[in-house]
2 protein chains.
Amino acid sequence: MTDHVDNDGAASPKLGFRPLYQQVRDMFVRRLVDGRWTPGQALPSEMELAAEIGVSQGTVRKALDALAAENLVVRRQGRGTFVAEHDEARILFQFFKLAPDDGERAFPESRVIHIARGAATPEEGARLALKRRAQVIRIDRVRLLGGRPAISERVTLPAALFPGLDAREVPNNLYGLYAAGYGVTVANARERLKAVGLPPEQAAHLDVAPGAPALLIDRLAIALDGSPVEWRVSYCLTDGFHYASDLR
Amino acid sequence: MTDHVDNDGAASPKLGFRPLYQQVRDMFVRRLVDGRWTPGQALPSEMELAAEIGVSQGTVRKALDALAAENLVVRRQGRGTFVAEHDEARILFQFFKLAPDDGERAFPESRVIHIARGAATPEEGARLALKRRAQVIRIDRVRLLGGRPAISERVTLPAALFPGLDAREVPNNLYGLYAAGYGVTVANARERLKAVGLPPEQAAHLDVAPGAPALLIDRLAIALDGSPVEWRVSYCLTDGFHYASDLR
DNA sequence: TAGTGGTCTAGACCACTTC
DNA sequence: AAGTGGTCTAGACCACTAG
């Protein structure tokens, strides 16, 4: 029995107190991490889970609501609770913040320039929390917005996590590939934005003069278990497009 | 009696169904909008509110939890529930996304360049949902990050909402002034970011060459009742600083 | 010690989906 | 009609804060 829920080991109830529903949430996250529950799958009903674990339905509900708030599951009244998928629609709204100044959002096409494997630089190792001289996979690609090249980016991955990815056809939706092909679910990401002059190499890819203003997006993607799984640096032209950010 | 909670007027229960706790939430928002509850004030306890309204404590709890999720109230176990304040710490983390590349976040000093009142341009009228030829207040200022001028921005406000603000000492924390001086609470904001070459006027304010890459932030701030109350356009130098965005 | 919000339970009923 | 998640209630107990 790997799943465990417990609080009072007859010890002091004050220290290390963790609510039952959070323990249940953690248990459910473990099932997602180890692939016991996979994207798209329907979870057992609240009543079944409650009976299995030995808590009330209300406690299971709070745990599932927490997962839904983290976009890890999707709940639909009358149908059930499902493990979230990295389909294009979800990516588009959750992880891709560039939108046309007017008009509908659309998923950008991608054109891979180069893909290779090599030893991590010190910076790559630091960002991805890798051991000394670990291998990484680097993907350089150009992405099209509204039919025009607008993003030049490099994606850096720990090679150990994605064996054979460098010898594979790379799809447009990378996070979908990570999930379906390697069981790696991107749970969240931290982005840092700057305005910079476009370096010559990126300028050539985007067919623009070097030094033109570009939005630099430095993103670190974090997996379900909290470990960094992707480092992505994107240079974006923001002519007719913008980065949308809602502050609540 | 202005507060009202009701569902089934013996009509079809299917259409226009709105859960009780959301109706209670709406009632509470009304109390915030009309100043019956003011920033910093302690709300009555859950039990008192439940008895007053005539619903269970659990329903009041769900309503207050919703408000807490929107950052409109702050709940503290053992102490009570309090109306959120626009103090600098809150602004710093909720509405100000520029952070030093390394080091602690700090609230930027401000230096006002110019304040004036005038008729709204068509664009200002459109952004702020104003009537034709309504008056606006415009504040131009420079803000300092790490002691150096880094942001040149124009703040545009509906004059009707902020009488006399143009003849007043303008503090560093504008949202605090809106709340304390005019009873206007900024509930959320939408930002659009672009990378642009710095226009001559802003370049002069920031003591940088025109055309240098700058982060353009176009922000529309929304009040509790959903109406736009501030339009702000900021040109930011991102040398040693970045715009932080967390994607969940 | 009293009062607050936070957790947990149990059960009834409602709205939505599917068969 | 059956099964799912969503709402609402009522009550017990726990953790935290303040006097």
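Each chain gets a letter, A, B and so on, in the order its sequence line appears, and its residues count up from 1. Please read all numbers here as calculations on a predicted model, not as lab measurements.
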Query raised in the report: Is E52(A) paired with R31(A) through a side-chain N to carboxylate O contact shorter than 4.0 Å?
Result: yes

Report task. Hunt down the Watson-Crick or G-U wobble partner of dG19(D), both distances under 3.5 Å, from any strand shown, or write none. Result -> none

Report task. Looking only at side-chain atoms of S56(B), point me to the closest of dT4(C), dT9(D), dG6(D). Result -> dT9(D)

Report summary line: Between CG of L43(A) and P of dT4(D) the distance, given in whole Å, is 12 Å

Report summary line: Between CG of L20(A) and C1' of dC8(C) the distance, given in whole Å, is 7 Å

Report summary line: Rounded to whole Å, CZ of R18(B) lies from P of dA15(C) at a distance of 15 Å

Report task. Ignoring the backbone of E48(A), work out which of dT7(C), dT7(D), dT4(D) is nearest its side chain. Result -> dT4(D)

Query - Heavy-atom side-chain contact between L128(B) and T156(B) under 4.5 Å - result: yes

Query raised in the report: Could you give the CE-to-C1' distance, from M47(B) to dG6(C), as a whole number of Å?
Result: 14 Å

Query raised in the report: Should K62(A) be listed as having a side-chain N or O under 4.0 Å from OP1 or OP2 of dC8(C)?
Result: no

Requested in this report: Determine whether L161(A) and Y178(A) make a side-chain contact, defined as any pair of heavy atoms from C-beta on separated by less than 4.5 Å.
Outcome: no

Report summary line: Taking dG5(D), dG5(C), dT9(C) as options, the one with an atom nearest any side-chain atom of E46(B) is dG5(C)

Query - From R219(B), R111(B), R232(B), residue fulfilling salt bridge (charged side-chain N to carboxylate O under 4.0 Å, His left out) relative to E153(B) - result: R232(B)

**Report entry** Earlier contact from the 5' end, DNA chain C, for V60(A) and S45(B)
**Finding:** S45(B)

Report task. Between dG5(D), dT9(C), dA15(C), spot the one nearest the side chain of R75(A), thanks. Result -> dG5(D)

Query raised in the report: Between R75(A) and E46(A), is there a salt bridge with N-O shorter than 4.0 Å?
Result: yes

Requested in this report: Please report, rounded to the nearest Å, how far the P atom of dC8(D) is from the CD atom of Q57(A).
Outcome: 15 Å

Could you list, one pair per line, each protein nitrogen or oxygen that sits under 3.5 Å from a nitrogen or oxygen of nucleotides 17-19 of chain C, together with the distance?
| unit_1 | atom_1 | unit_2 | atom_2 | d |
| --- | --- | --- | --- | --- |
| dT18(C) | OP1 | R79(A) | NE | 3.3 |

Query raised in the report: D65(B) CG to dG6(C) P: how many Å, rounded?
Result: 7 Å

Requested in this report: Classify the side-chain pair E191(B)/Y243(B) by whether it contains a donor and acceptor separated by less than 3.5 Å.
Outcome: yes

Query - Note, I217(B) side chain near I151(B) side chain (heavy atom, < 4.5 Å) - result: no

**Report entry** OP1 or OP2 of dG5(D) under 4.0 Å from side-chain N/O of T81(A)
**Finding:** yes

Query raised in the report: Are any non-hydrogen side-chain atoms of V24(A) and I53(A) less than 4.5 angstrom apart?
Result: yes

Query raised in the report: L49(B) has an atom CG; how far is it from atom C1' of dG5(C), in whole Å?
Result: 12 Å

Query raised in the report: Below 3.5 Å, does any donor atom in the side chain of R61(B) face an acceptor in the base of dG6(C), or the other way round?
Result: yes

Query - Distance in angstrom units between Q23(A) CD and dG6(C) C1', rounded - result: 15 Å

Query raised in the report: Using a cut-off of less than 4.0 Å, is there contact between a side-chain N or O of T59(A) and OP1 or OP2 of dT7(C)?
Result: no

